[in-house]
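Chain A is the first sequence line, chain B the second, and so forth, proteins listed ahead of strands; every chain is numbered from 1.
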Protein chains: 2
Amino acid sequence: MSPESVAETLRNQGLKVTPRRLAAARLLFESGRAMTPEEVRERLRPALGRLGLPTTYRILDELAGTGLLTRVERDDRVLSYAACRAEPGRHHHHLVCTGCGRVEVVGCAFPASQRRDIERRTGFRVTGHRMQVEGLCGDCRRRGR
Amino acid sequence: MSPESVAETLRNQGLKVTPRRLAAARLLFESGRAMTPEEVRERLRPALGRLGLPTTYRILDELAGTGLLTRVERDDRVLSYAACRAEPGRHHHHLVCTGCGRVEVVGCAFPASQRRDIERRTGFRVTGHRMQVEGLCGDCRRRGR
DNA sequence: GGATAGATAGAAGTGATTTCTATCTATCAT
DNA sequence: ATGATAGATAGAAATCACTTCTATCTATCC
Ligand SMILES: [Mn+2]
Ligand SMILES: [Mn+2]
Ligand SMILES: [Zn+2]
Ligand SMILES: [Zn+2]
């Protein structure tokens, strides 16, 4: 993801293009890994000088709102964020490496037939689902994590 | 779920059978809905007299550990718990009514073929997934929520 | 180069969840 | 039944992720 397309996405959402927003997006796109707000802040501080924690939280939340980032769930319920490379507007999920936090986009693995089956059995109308796939990336597998 | 089988599950896990644990399990099995720890506490207090908040959190966490309860995720990230009626040890997910919080068990809707597809495309070894299906139950649909 | 709406830093606040510790009780062995 | 003991509980206090507040800045548009 180039700085230009990040800037374009920000403008499209009515958000100003600021050094902090660009730096946060760049960090997550270049690393490809999920990070907590605290970790993002620590990594950006050397380059940015100052970066408030509330600003870090707000920026990550806004970038997730645009679809540039995604929230990643962890067992300890600490929130983290990762870059999302999915085509805009296309339904998808995320595959997270439990070893290193690397995040990839995957297509939806919840077939319509399953959905209809659930509706028939339960009497519910199914309106959505949240899903996150977990695994070990090639690197982590080789390293034996 | 009878008090006897709850007690048996507790004993099997090396947990003592206490009035508070039985009451929490009973409340959630009888209501069929997801509740926050705070809500569980408020509802149990009239019958139990005193019930500490740390005790409430710990009991819900322990009961979820045995599989009697499941954690339910919400968009606001507030944690809640619901009874789980799945056969022990069988992989499954939960369907949550966004209107009233009613929770049902559903079979896994993530086919092995999809998993292999993901592994081939990404080079990851897929080790698990977290999923929660959302919808509107028959009652809530009729009520027009 | 202003004007202005939006962005940011830092301090303070919030609220869910956990820790701590003294007291209690379910369980098991007399 | 009674006593011993490991585990459970209440209440107070602490923790900590996250948010709010407000004065100061700055990206953007003229
Ligand atoms: Mn995404
Ligand atoms: Mn379950
Ligand atoms: Zn990895
Ligand atoms: Zn409902």
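Per the geometry, CZ belonging to Arg58(A) stands 13 Å off P belonging to dG10(C), to the nearest Å. Distance, Arg41(B) CZ to dA16(C) P: 12 Å, rounded to whole Å. Going from atom CD1 of Ile59(B) over to atom P of dT18(C) covers 14 Å, rounded to whole Å. The distance from atom OH of Tyr57(A) to atom P of dT14(C) is 18 Å, rounded to the nearest whole Å. We find that CZ of Arg21(B) is positioned 10 Å from C1' of dA26(C), with the value rounded to whole Å. Between Glu38(B) atom CD and dA16(C) atom P there is a gap of 7 Å when expressed in whole angstrom units. Rounded to a whole Å, the CG atom of Leu53(A) is 18 Å from the P atom of dT14(C).
Along DNA chain D, the nucleotide nearest Leu79(A) and the nucleotide nearest Gly52(B) are compared for position; the residue whose nucleotide lies closer to the 5' end is Gly52(B).
Contact check on Arg21(B) versus Glu62(B) returns a salt bridge, with a Lys/Arg side-chain nitrogen under 4.0 Å from an Asp/Glu carboxylate oxygen. A salt bridge does not link Glu30(A) with Arg43(A): none of the charged nitrogens is closer than 4.0 Å to a carboxylate oxygen.
Tested against Leu95(B) for a side chain to side chain contact (heavy atoms under 4.5 Å, CB included), the candidates Val105(B), Val103(B), Val106(B) yield a single pass: Val106(B).
In this structure, Thr55(B) reaches the bases: a heavy-atom distance under 4.0 Å links it to at least one base atom across the strands shown. Note on Val17(A): only backbone sugar-phosphate atoms sit closer than 4.0 angstrom, heavy atoms only; bases stay farther off.
No donor-acceptor pair closer than 3.5 Å links the side chain of Arg45(B) to the backbone N or O of Leu51(B).
Between His129(A) and His93(A), the ring planes lie tilted relative to each other; the angle falls in the 30° to 60° range.
If you check dA11(C), dT27(C), dT17(C) against the side chain of Pro54(A), the one that comes closest is dA11(C).
Taking SG from Cys97(A) and CZ from Arg141(A), the interatomic distance works out to 9.5 Å, rounded to the nearest 0.5 Å.
When DNA chain D is scanned in the 5' to 3' direction for atoms under 4.0 Å from non-hydrogen atoms of chain A, the outermost contacting nucleotides are dA17(D) to dT28(D).
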